[in-house]
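Naming: A, B, ... by sequence-line order, numbering from 1 per chain.
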Number of protein chains: 4
Amino acid sequence: MNKRQKRAKIIASSLQLFSKHGFYKTTMRDIASNLGISEGSLYTHFPSKMSLATAAISHVTGKLAIDLRYINSKPISATKKIYEFVKSYFSFIQKNPEMVEYFFQVYLSNREIFCNEEDCGFSLAKEFIEELEILIDDGVKNNEFTQENFFIAFSSIMGILGSITFLHSEHVLEKELESYCEEIAKAICRTLN
Amino acid sequence: MNKRQKRAKIIASSLQLFSKHGFYKTTMRDIASNLGISEGSLYTHFPSKMSLATAAISHVTGKLAIDLRYINSKPISATKKIYEFVKSYFSFIQKNPEMVEYFFQVYLSNREIFCNEEDCGFSLAKEFIEELEILIDDGVKNNEFTQENFFIAFSSIMGILGSITFLHSEHVLEKELESYCEEIAKAICRTLN
Amino acid sequence: MNKRQKRAKIIASSLQLFSKHGFYKTTMRDIASNLGISEGSLYTHFPSKMSLATAAISHVTGKLAIDLRYINSKPISATKKIYEFVKSYFSFIQKNPEMVEYFFQVYLSNREIFCNEEDCGFSLAKEFIEELEILIDDGVKNNEFTQENFFIAFSSIMGILGSITFLHSEHVLEKELESYCEEIAKAICRTLN
Amino acid sequence: MNKRQKRAKIIASSLQLFSKHGFYKTTMRDIASNLGISEGSLYTHFPSKMSLATAAISHVTGKLAIDLRYINSKPISATKKIYEFVKSYFSFIQKNPEMVEYFFQVYLSNREIFCNEEDCGFSLAKEFIEELEILIDDGVKNNEFTQENFFIAFSSIMGILGSITFLHSEHVLEKELESYCEEIAKAICRTLN
DNA sequence: TATGAATGAGTTTTCATTCAT
DNA sequence: CATGAATGAAAACTCATTCAT
């Protein structure tokens, strides 16, 4: 296994544990033994626990950004793009629940972990947020979406998706997550229209 | 100062610090010295740090529930109730930013703090959620809101409010929070209608 | 035992172990168990291992400065003061070998421990060095000492004392330390005259 | 580069870093990367970090011994030999400050590094100390130096030189080191006479 | 022989909780 | 009841040394 592969494995393990038990309740020992390696070995690849959290969030938002960028590139209406995004996002949750949970529960919430003087850690998600901005702008230009404040549009999309993600991870939803896909997309579009 | 008042003071102090620095970065010493009392004294009123977090969340959701219950009791349309709720919620944020931040950033995110075998900590917000359910049900019964899945309706309301709260606490909003009130309420209603 | 007494006990224990095994080979656990207290207890009184080293050196140089100040205040010749200082210093070694060993072996050598940006740790010994300067200046003013350069005079006194201290702590001296007192004082005076 | 040359290079690098940052604050990685080689490679040439420290001190005292042996072989008075030794020592400091600093600040001070059950690490400097003994004995035999205890004579020479070396390495001397040469030699001789 | 990732014991430090005063 | 020193069980991180490639 080469260095890049090892890093990827460590990030995957961290993601899993951080999302399950939270950043603070996950110890470096937990991550190491979950991988069957020594604690010291972790430090060969990442200089600190915080750098692990950072690498993990970059990984997650990078993945989300790639999916959204692909959807944005399609020659379809903005409304259709919202549908596709919700679908793609739901399938992403199914395949990588730990990634999305990590995004919402660790990154968005334990801000103190990611913030330093210069950068409040937001730049880590920049790629993804920019792509979302493109999607919204497109919709407004096409007159599909009401000209509206960006922050409200952003909240309508990510707030609703975040909330349903939360309910799903709390196991309070009655049906399969994917069965809400259509309705959620519709709900989001209603807000934007 | 009697026992109840003392408890209230301790909860207020905890809320302030938990919301600012997070649950884990706030020490019992921080809470005590913020109040000018001893650490030992804290334990006369609360048996553990966790119990402080729990009492704090009950306090916050209790307050939110009271406001919403009052709105629900009014002889107005469900749509109007949504407007009133958003307005009341925004004014609540202005007056008690630490309470709302605590709700979203500590309670919803550091689930591991509140969960034990029997209870996943959700019951703490039960009062408030039940009140929200009443509001949604009313709207559906009156045919103001489309008959819809509760979870989606819930996400439309609390997701959007949560997201805008987050953006506000991150200081990325361009205008005063209250100036978004009308638009946010409209956006939520569009989803529900 | 009050707080000041406890601090003094901890400093004494640290001094003993630092001088015997060096700063780096002495662990906080060693210091704590040498005192029969817990590691955490150490941190109630001193915020870090480094602060212990600093408190220890201040303690030692303070003691040395007091002795020398008293000698300086006497109405005797500078040459006689040198004799008295050597005598007092030797008796100090007998009573507190760990203090002097600490001074020479830890303080003078592990400079990296005591240095920070502003202060290179020398100020900790300032009191003592200033008193030594007074003694030398007196001798020069009285025409007892011809050696005018302070640094050479300083080295003649402290270098010779330091070296004999070192040989003593290495157990290579053949006779009792105090039996060298007279000769050492003479040797120092010969250099200064 | 042959094996001996490689060893020499490693010793030089160690000496540099040990004298600058101390034995404990210098890691094997530091030494290796300072040389542009791998950590493992270090262990092909030296079995442990301690063996590096030992080899380094032998190297330094060996160099000093050679210089002093050469001076001792000259057909000149003991007093003149002291002058020559001080001159040679000062020029040695100028050319190899790290060697002398290492001798005084690591070897003489972190005794715990060099000591084991059998040998307290003193033998490493034996060659040099023996040569110094020869010089002192010569002076006594010629009636140039007062018959005196060896340890006091030793301290007069090495103590004064050590102290001035310390002040030099601390950058507290006002003039160039070499400008003190004559006076220091005189001061030492006054003690010995 | 050279490499450098892996190891794991050891170190400082933190902090919720307890309890003697 | 209030206090705050004491506790001790972790936790993050370090680094000399080893060993497979």
Item to check | nucleotides 13-21 of chain E: protein proximity per nucleotide (B base, S sugar-phosphate only, - neither; heavy atom, under 4.0 Å) | outcome: BBSSBB---

Checklist entry - Which whole-number value in Å describes the distance from Asn2(D) CG to dT1(E) P? => result 12 Å

Checklist entry - When you measure from the side chain of Tyr24(A) to the backbone N and O of Lys25(B), does any donor-acceptor pair fall under 3.5 Å? => result no

Next on the checklist: Given dC1(F), dA5(E), dA2(E), identify the nucleotide with an atom nearest to the side chain of Thr44(B).
Outcome noted: dC1(F)

Checklist outcome for this item: Value for CZ (Arg29(D)) from CD (Glu39(D)), rounded to nearest 0.5 Å, stands at 4.5 Å

Next on the checklist: Using 0.5 Å steps for rounding, measure from the OG1 atom of Thr27(C) to the NE2 atom of His21(C).
Outcome noted: 10.5 Å

Checklist entry - Hey, is the side chain of Ser38(C) poking within less than 4.0 Å of OP1 or OP2 on dT7(F), counting only N and O atoms? => result yes

Checklist entry - Any side-chain heavy atom of Thr54(B) within less than 4.5 Å of one from Phe46(B)? => result no

Checklist entry - Could you state the CD1-P distance from Ile31(D) to dC15(F), rounded to the nearest angstrom? => result 12 Å

Checklist entry - Stems in DNA chain E: runs of 3 or more consecutive Watson-Crick or G-U pairs, distances under 3.5 Å? => result E:2-21 with F:2-21

Item to check | Donor-acceptor contact present, side-chain Thr26(B) to main-chain Leu17(B), <3.5 Å | outcome: yes

Next on the checklist: If we ignore hydrogens and angles and just use 3.5 Å, is the side chain of Ser51(D) paired with the main-chain N or O of Ser48(D) as donor and acceptor?
Outcome noted: yes

Checklist entry - To the nearest Å, how far apart are Asp30(D) CG and dG4(E) P? => result 16 Å

Item to check | Any Lys3(A) side-chain N or O less than 4.0 Å from OP1/OP2 of dG4(E) | outcome: no

Item to check | Heavy-atom side-chain proximity of Glu98(C) to Phe18(C) below 4.5 angstrom | outcome: no

Item to check | Whole-Å gap separating P (dA5(E)) and CG (Leu35(A)) | outcome: 17 Å

Next on the checklist: Is the shortest side-chain heavy-atom distance between Lys3(D) and Arg7(D) below 4.5 Å?
Outcome noted: no

Checklist entry - Counting distance only, does the side-chain N/O of Ser19(D) pair as donor-acceptor with the main-chain N or O of Leu15(D) below 3.5 Å? => result yes

Checklist outcome for this item: Separation of dA6(F) atom C1' from Arg7(C) atom CZ, nearest Å, is 17 Å

Checklist entry - Taking only side-chain nitrogens and oxygens of His45(B), does any of them come within less than 4.0 Å of OP1 or OP2 of dC1(F)? => result no

Checklist entry - Between His21(D) (NE2) and dT14(F) (P), how many Å, whole number? => result 16 Å

